[in-house]
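Inspection log for the structure reproduced underneath, given as structure tokens.
FYI, the numbering just counts along the sequence from 1.
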Amino acid sequence: TPMWIASSIADSLQAGTRDDSRAYPSALLPRGWALLQTLLAHGEAVSEPSDDPMFQAINSTRGRALEGVFSHALRVCRLADRETGSHLDAWKSMQVVFDAELVACVNGNFEFSTLAGAYSGNLEYLSVEWLEANIKEIFPVDRRANLACAIGGLAYASTSRKVYRLLRDNDVLDAALRLDLKGRHGHEKLMERVAVGYLWGEDTLDSSRFKFIFESKAEEALAQINFFFWTIRGEKLNEDQVQSVLQYWRRCLDWATSQPTPPIKVLSSLSGLVSFLPDASGEKSDLLLSIAPYVHEHHGAYDFLKELRRLIDQKAKERQNER
């Protein structure tokens, strides 16, 4: 079909700009850009967003053309940086296309909303000024359908402090937490982003984000945050970040004691945080005792016992050295 052919052309153009070592000659970039604009003008767009906006975007004709646009813009700017040390003029030559796409994101153009969220980290490189000026339009908190698509795409984006601050300061994260995200990994990735912001010191346990989590979606959300912390246990966190994890652990326990029945999934998943304990002295022992009755649930016992053995061996060595 014509749309199948159009999608194949878009895929070819994207493949020819994604990797500089395998890209088509830079002299042909103007022709590639003209082709992409033709594909945008005539490509079929989706009329309603799906529960999985990213899957929908990358499998629609217009969405694949938009992926080609992002890939093309990134290559042109990379080349400009190498040749002149700046890609400002290169970006300005393409900005009109991005402006037009963003204007169309009013209960429509769902593919661009999704991909703008997914490429938000790349947009920071292309033009941080454009990203700052348009963050509320990329993530429109007053247009639920477009916001859900942008958040669905955000699940696939790289994370930076700049983007996190923009999302936080423009109430995007607060609005996103209230969405019923059904796409693959959407809610999980949002929790990870909030957890990273917390470790960076860009958010606190008293923020509106964490307040909403503890009051409204605690069991699912906290278990996801606990799992994320477990996945980064081998990373080189500084002392402040380790203390932030332990402070979060205590806050979870305070919340758990206020519940009518023990939130077993949360208490069990806290066992993954034992890796952050430097020792089992003082109140750190209380942290261990508070979750010990629940670690056998949801497959948390093995890691808990492994870390407990580490703490016991460490204590034994300390006593031996004291002798």
Side-chain angles (χ1 to χ4, degrees), residues 1-79 90-91 93-123 126 137-140 143-158 181-186 189:
T1 65
M3 288 301 104
W4 182 88
I5 296 172
S7 294
S8 297
I9 294 172
D11 292 345
S12 297
L13 291 170
Q14 183 187 13
T17 52
R18 183 190 299 116
D19 184 347
D20 288 346
S21 65
R22 303 176 60 184
Y24 63 77
S26 58
L28 298 178
L29 284 170
R31 290 189 181 184
W33 187 240
L35 278 171
L36 286 168
Q37 292 182 73
T38 299
L39 294 174
L40 288 180
H42 299 285
E44 288 183 353
V46 299
S47 57
E48 295 290 337
S50 73
D51 289 342
D52 193 338
M54 191 64 178
F55 180 82
Q56 183 183 46
I58 63 177
N59 285 286
S60 73
T61 304
R62 204 167 191 284
R64 284 155 85 162
L66 284 167
E67 279 204 292
V69 166
F70 277 101
S71 182
H72 181 102
L74 288 166
R75 172 155 170 77
V76 170
C77 288
R78 288 195 302 270
L79 290 175
W91 163 253
S93 70
M94 300 177 289
Q95 180 181 335
V96 62
V97 172
F98 289 84
D99 288 339
E101 291 297 322
L102 192 57
V103 168
C105 293
V106 179
N107 300 317
N109 204 12
F110 300 113
E111 296 98 330
F112 186 78
S113 287
T114 302
L115 293 171
Y119 283 89
S120 55
N122 303 102
L123 285 169
L126 290 172
E137 296 303 314
I138 297 172
F139 297 92
R143 297 195 295 276
R144 191 178 185 87
N146 288 95
L147 176 62
C149 289
I151 296 299
L154 185 67
Y156 298 85
S158 58
L181 299 173
K182 297 179 180 179
R184 289 174 291 182
H185 313 302
K189 293 297 183 182

Would you mind checking if Glu67 and Arg18 are paired as a salt bridge, meaning a charged N to carboxylate O distance below 4.0 Å?
-> no
At their closest point, which heavy atom of Leu154 faces which heavy atom of Ser120, and how far apart are they?
-> CD1-OG, 3.7 Å
To the nearest 0.5 angstrom, please state how far the CG atom of Leu40 sits from the CZ atom of Phe112.
-> 9.5 Å
To the nearest 0.5 angstrom, please state how far the OG atom of Ser26 sits from the CG atom of Leu79.
-> 6.0 Å
Checking side-chain contact (heavy atoms from CB on, under 4.5 Å) for the pair Val103/Asn109: CA distance, chi angles, key distance, verdict?
-> CA-CA 9 Å; Val103 168; Asn109 204 12; over 6 Å; no
Validation row: Arg143, Ser113 side chains within 4.5 angstrom (heavy atoms) | no
One should read off an interatomic distance between Leu115 CG and Phe70 CZ, to the nearest 0.5 angstrom, of 6.0 Å
Report yes if the side chains of Glu111 and Pro53 come closer than 4.5 Å at any heavy-atom pair, otherwise no.
-> no
Quick one: does Asn146's side chain have a donor or acceptor within less than 3.5 Å of a partner on Asn107's backbone?
-> yes
Rounded to the nearest 0.5 Å, how far does OH of Tyr119 lie from OG of Ser158?
-> 11.0 Å
Is it true that atom CD of Glu44 has more than 12 heavy atoms of other residues, nucleotides or ligands lying nearer than 6.0 Å?
-> no
Tell me, do Tyr24 and Leu29 make a side-chain contact under 4.5 Å, heavy atoms counted?
-> yes
Give the minimum heavy-atom separation between Cys77 and Met94, together with the two atoms involved.
-> SG-CE, 3.9 Å
Please name the pair of heavy atoms, one in Ala65 and one in Leu36, separated by the smallest distance, quoted to 0.1 Å.
-> O-CD2, 3.7 Å
Pair Arg64-Asn59, side-chain donor/acceptor within less than 3.5 Å = no
Rounding to 0.5 Å, atoms CG (Leu35) and OG (Ser12) come to a distance of 10.5 Å
Rounded to the nearest 0.5 Å, the CD1 atom of Ile58 sits from the CG atom of Asp11 at a distance of 10.0 Å
So, Ser50 and Asp52: side-chain donor and acceptor under 3.5 Å apart, yes or no?
-> no
Give the C-alpha distance, both sets of side-chain angles, the deciding distance and a yes or no for side-chain contact (heavy atoms from CB on, under 4.5 Å) between Leu13 and Leu39.
-> CA-CA 11 Å; Leu13 291 170; Leu39 294 174; 4.3 Å; yes
Correct closest heavy-atom pair for Ser21 and Asp19 would be OG-OD1, 2.8 Å
Candidate pair Arg62 and Glu101, rule side-chain contact (heavy atoms from CB on, under 4.5 Å), full reasoning | CA-CA 11 Å; Arg62 204 167 191 284; Glu101 291 297 322; 2.8 Å; yes
Minimal non-hydrogen separation, Pro49 against Gln56, with atom names = CA-OE1, 3.4 Å
Shortest non-hydrogen pair, Arg78 vs Thr17, comes out as NH2-O, 3.1 Å
Geometric class of the Phe98/Trp33 ring pair [parallel <30°, tilted 30-60°, perpendicular >60°] = parallel
